[in-house]
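Count residues from 1 along the sequence. Just the heavy atoms: all of them, side chains too, but no hydrogens, waters or symmetry mates, feed the values below. Only a predicted model underlies this, so the values are computations on that prediction, with no experimental measurement involved. All ligand and atom numbering here is 1-based and tracks the order in the structure.
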Amino acid sequence: MRVTPWEVKEELTDSLYKKLVKEFGIKPIDQEVIERIKKHTKEIHFMLRRKIFFAHRDLLWLLDEHEKGNRFFLYTGRAPDGPIHIGHLVPWIFTKWLQEKFNVELWFQFPDEEKFLFKQVSFDETKKWTRENMLDVIALGFKENKTHFLVDTKHANLMYKEACKVAKHITFSTVKAVFGFTNEANIGMIFYTAMQAVPAFLPSILKNKNMPCLIPLGVDQDPHFRIARDVLPKLGFYKPALIHAKFMPGLKGTKTKMSSSDVNSTIWLTDSDEEVRRKIIKHAFSGGRGSLEEHKKLGGIPAIDVSYQWLYYLFEPDDKKIREIYESYKSGALSTIELKEYLIKKIITFLHQHRKKRKKAEKKLNKFIF
Ligand code: TRP
């Protein structure tokens with residue numbers, strides 16, 4: 001299985017997610033979980049209904065604790081090494097919804113050493129991208145007085161000692177097995193997972209009270225927290241609960257994950273209207289037929305159509321509308337170009353609003369940094 005935090009070499013299919021549930025030992029999000037969440041949130045986010053968040057660890061336990069008055073906090077993160085693309089937004093938009101509905105704190109980690117250690121990125125670059133990425137995160141609307149940014153190098157005085165406590169319980173052979181490292185891995189890579197574990201219990205240390213933690217994440221990040229869940233009880237903390245998202249597909253086809261390393265596979269939050277249009281018209285893989293005539297006769301295939309999938313994952317939250325689009329595309333009534341124009345309009349509208357909020361975020365930046 002080639003799904004680790006550093007590479008996803010598997011085709012994105014239903015059977016991949018089934019395999020991940022089995023091999024990672026995570027639990028599928030079922031109706032019971034959804035009902036339990038709904039008890040608190042009254043409504044259910046479309047990403048849950050559509051099983052874009054498809055699996056979890058210990059979520060029912062977390063809700064038990066919460067109902068007993070032992071309130072949880074949220075934790076997620078982003079390793080800064082470049083601009084944000086729309087695929088990054090999937091877990092964050094859901095995290096924002098959770099924060100709003102449960103009215104809880106969010107700790108957001110910017111591990112600015114991660115990409116320095118794992119890729120060819122300098123600390124000058126990560127410094128720039130930390131700031132840039134923070135503005136995008138703030139623009140999504142997280143609560144100002146309940147959201148705390150941790151930057152690994154900036155908050156090293158607070159985090160390093162705690163990371164050492166974690167690291168002492170992790171052997172070299174464990175990280176080799178979990179992440180697939182060879183003897184050629186640098187020793188920073190080997191230590192790194194200890195830093196990513198810290199925000200799952202740092203708030204408990206700061207408040208001097210053991211608090212449950214819920215981590216929304218892309219499923220590729222699960223290996224980190226498998227380790228953290230083994231170690232944290234040994235330090236006197238709860239195992240963090242997790243809720244796992246699927247990968248948003250890239251422009252070139254529904255079977256490959258959107259990736260920052262392929263500039264034409266994604267839309268950046270900084271793309272102009274013309275760029276958005278060009279990329280989608282030119283590069284978005286279509287489940288439509290060769291000619292319009294054929295399309296009207298045979299209908300399109302939404303399952304392999306990137307434009308449809310992007311609407312499903314992010315840009316068309318309305319269930320009734322997505323259903324209608326599905327039906328009319330499948331029947332052939334809706335053409336590929338009409339579907340693409342619908343998506344382009346949605347994305348451009350989103351990006352315009354986002355950029356306005358991002359501009360305002362500059363003034364608030366310091367309030368978010370812990
Ligand atoms: N490793 C993540 C990345 O590559 C960043 C990250 C840090 C993270 N802590 C996290 C992601 C907690 C999800 C949850 O971007």
* To do: In sequence, state the C-alpha distance, the side-chain angles, and the governing distance for T266 and M248, and then conclude on side chain to side chain contact (heavy atoms under 4.5 Å, CB included).
  => CA-CA 10 Å; T266 189; M248 182 145 154; over 6 Å; no
Side-chain polar contacts of residues 214-224 - donor-acceptor pairs under 3.5 angstrom, sequence neighbours left out - could you list them?
unit_1, atom_1, unit_2, atom_2, d
Q221, OE1, Q196, NE2, 2.9
D222, OD1, R57, NE, 2.9
D222, OD1, R57, NH2, 3.4
D222, OD1, H244, NE2, 2.7
D222, OD2, R57, NH2, 2.8
D222, OD2, R226, NH1, 2.9
H224, ND1, T193, OG1, 2.8

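E294 contributes no side-chain N or O that, together with a main-chain N or O of G299, makes up a donor-acceptor pair within less than 3.5 Å. Here the side chain of Q99 pairs a donor or acceptor atom with the backbone of K143 at under 3.5 angstrom.
Counting heavy atoms of neighbouring residues, nucleotides and ligands inside a 6.0 Å radius, atom CD of E35 exceeds 12 of them.
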For ligand 1, run through the N/O pairs with the protein that fall under 3.5 Å and put one pair on each line.
unit_1, atom_1, unit_2, atom_2, d
ligand 1, 1 (N), E114, OE1, 2.8
ligand 1, 1 (N), E114, OE2, 3.4
ligand 1, 1 (N), Q196, OE1, 3.0
ligand 1, 1 (N), Q221, OE1, 3.0
ligand 1, 4 (O), E114, OE2, 3.4
ligand 1, 9 (N), Y75, OH, 2.9
ligand 1, 9 (N), Q109, OE1, 2.9
ligand 1, 15 (O), A79, N, 2.9

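In this structure, a donor-acceptor pair under 3.5 Å is absent between the side chains of E113 and Y192.
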